[in-house]
Amino acid sequence: MIDKLEMFLAVAKEEHFGRAAESLGIAQPTLSAGIRQLEYQLGVQLIFRGSRFGGLTPEGQRALVWARQIVADANQLREEMRFSHAGLTGHLRLATIPTALTWAAKLTAGFGEKHPNVRFTVLSRTSVEILSMLENLNIDAGISYLDNEPTGRLSAELLYNERYHLVCSETSPFAARASIEWKELGAARLCLLTPDMQNRRIINRHFEEAGIRPEARIESNSTVVLAANVMSGDWVTVLPADIANFLTAGKALRTVPLAGTGATHAVGLLAPNREPHTPVLRALLSEARRLAQR
């Protein structure tokens, strides 16, 4: 039944039979036949369908919760058996908020030195997308905020607390400053992350607390684009310290700490709250703890 449950999960995720079949690498008739067989085995209709996907039935909604649990358990069983005879091997899918990409690199590099037979795929996603991908078993772990999005039933390991820096050109009036108050940026030419990013929502709150509502004339979901704009004109941006230092290294740019608020925001590794974790996830959470203590 596992393969049929995986078909059901793919259809629930894609909300389209053709895309679901493509994601699984099978033909659409094979997918449709598998769903019908699953419905026959369970004795209920799971999906409303006519000429196209029409949503999950009430029974399908309840079955979705069980399907995620059963498929996750089956994947965990495979991992445990593989570990028992081959050590840590496999493929870890990790999604991270854009501002934590440097920390994702630190985590995967340290883990890879200890466990060279584990492969990684690292994706850049919003905090909301990361929670959804964890719920839908599309990733194994994520790096995101621990105190701003509802993390639900997830295991979490703190990696760092986010502190913010202004990124400006070395010719900017701000460049020589030891620190800058948020309220001083009211008239600055700002380029910032897009509003769907949790980092942008945090930055907006800091501006509001400082009593200003500056306008970002350039928005992007890429921190690289923001740094490139700062290099090409008299723009400034606000980024967490680690990614700011990484993007400005060796360039005619400066980073200046932002003062005026004591608030920091916790960022950490998130994984499904399942006991026991797979051997690979146990090792990844342990590496996150080690990295946070450095």
Side-chain angles (χ1 to χ4, degrees), residues 95-109 122-127 129-130 143-145 147-148 159-268 291 294:
T96 177
I97 52 175
T99 52
L101 283 166
T102 50
W103 280 85
K106 294 175 186 177
L107 181 63
T108 56
V122 181
L123 305 172
S124 178
R125 294 290 186 268
T126 68
S127 55
E129 288 172 328
I130 289 170
I143 297 177
S144 187
Y145 293 99
D147 53 5
N148 286 282
L159 284 170
Y160 65 100
N161 286 295
E162 213 173 53
R163 298 180 184 276
Y164 303 100
H165 284 209
L166 183 77
V167 179
C168 61
S169 71
E170 60 183 10
T171 60
S172 167
F174 296 119
R177 298 277 297 276
S179 65
I180 300 167
E181 301 281 338
W182 288 86
K183 63 185 179 181
E184 295 180 73
L185 300 180
R189 297 186 72 204
L190 283 166
C191 52
L192 297 172
L193 288 171
T194 49
D196 61 320
M197 297 287 179
Q198 180 65 16
N199 175 266
R200 173 64 183 280
R201 298 194 289 273
I202 291 171
I203 287 171
N204 285 349
R205 285 202 297 273
H206 284 309
F207 281 134
E208 289 171 6
E209 290 167 4
I212 59 173
R213 297 189 64 181
E215 181 180 0
R217 296 298 182 92
I218 297 175
E219 297 177 328
S220 175
N221 63 357
S222 167
T223 56
V224 174
V225 170
L226 300 182
N229 274 282
V230 175
M231 285 188 66
S232 63
D234 58 346
W235 298 93
V236 298
T237 191
V238 176
L239 291 171
D242 198 70
I243 191 73
N245 291 330
F246 174 80
L247 291 171
T248 58
K251 301 180 178 66
L253 298 174
R254 296 289 181 269
T255 66
V256 185
L258 277 157
T261 175
T264 61
H265 300 277
V267 177
L291 184 59
R294 289 176 55 182

If you look only at pairs with a residue in residues 236-246, which of them pass as a salt bridge (charged side-chain N to carboxylate O under 4.0 Å, His left out), with sequence neighbours excluded?
->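 Applying salt bridge (charged side-chain N to carboxylate O under 4.0 Å, His left out) to every pair that reaches into residues 236-246, excluding sequence neighbours, yields K106-D242.
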So which pairs with a foot in residues 221-239 pass salt bridge (charged side-chain N to carboxylate O under 4.0 Å, His left out), sequence neighbours left out?
->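 As it turns out, the salt bridge (charged side-chain N to carboxylate O under 4.0 Å, His left out) pairs with a partner in residues 221-239, which skip direct neighbours, are R189-D234.
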Quick one: list whatever passes side chain to side chain contact (heavy atoms under 4.5 Å, CB included) with [X], sequence neighbours left out.
X	value
N161	L158, T264, A266
A227	L247
D196	T126, T194
S124	P98, L101

For E219, what residues pass the salt bridge (Lys or Arg N to Asp or Glu O under 4.0 Å) criterion, not counting sequence neighbours?
->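 Scan of E219 (salt bridge (Lys or Arg N to Asp or Glu O under 4.0 Å), adjacent residues dropped) gives R200.
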Which residues share a salt bridge (Lys or Arg N to Asp or Glu O under 4.0 Å) with E184, sequence neighbours left out |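 Salt bridge (Lys or Arg N to Asp or Glu O under 4.0 Å) list for E184, sorted by chain: R177.
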With sequence neighbours left out, the residues meeting side-chain hydrogen bond (donor to acceptor under 3.5 Å, both in side chains) with T171 are S169
Residues that N221 engages under side-chain hydrogen bond (donor to acceptor under 3.5 Å, both in side chains), provided they are two or more places apart =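 N221 satisfies side-chain hydrogen bond (donor to acceptor under 3.5 Å, both in side chains) with no other residue.
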Over all heavy atoms of both residues, which pair between A188 and V236 is shortest? Give the atoms and the distance, please.
->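 So the two residues come closest at CB-CG2, 3.8 Å.
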Report yes if the side chains of V238 and L185 come closer than 4.5 Å at any heavy-atom pair, otherwise no.
->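 The answer is yes, as the side chains (C-beta and beyond) meet within the 4.5 Å cut-off.
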Check whether any side-chain heavy atom of Y164 sits under 4.5 Å from a side-chain heavy atom of T99, and report yes or no.
->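 They are not in contact (no side-chain heavy atoms under 4.5 Å apart), so the answer is no.
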Pairs where residues 243-256 contributes a residue and the test side-chain hydrogen bond (donor to acceptor under 3.5 Å, both in side chains) is met, not counting sequence neighbours =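 Listed by first then second residue: E170-R254, N245-T255.
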Between T237 and C191, is there a donor-acceptor pair closer than 3.5 Å when you use the side chain of the first and the backbone of the second?
->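 Yes, T237 side chain to C191 backbone: donor-acceptor pair under 3.5 Å.
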Any residue meeting ring pair (Phe, Tyr, Trp, His ring centres under 6.0 Å) with W103, in chain and number order, not counting sequence neighbours = Y160
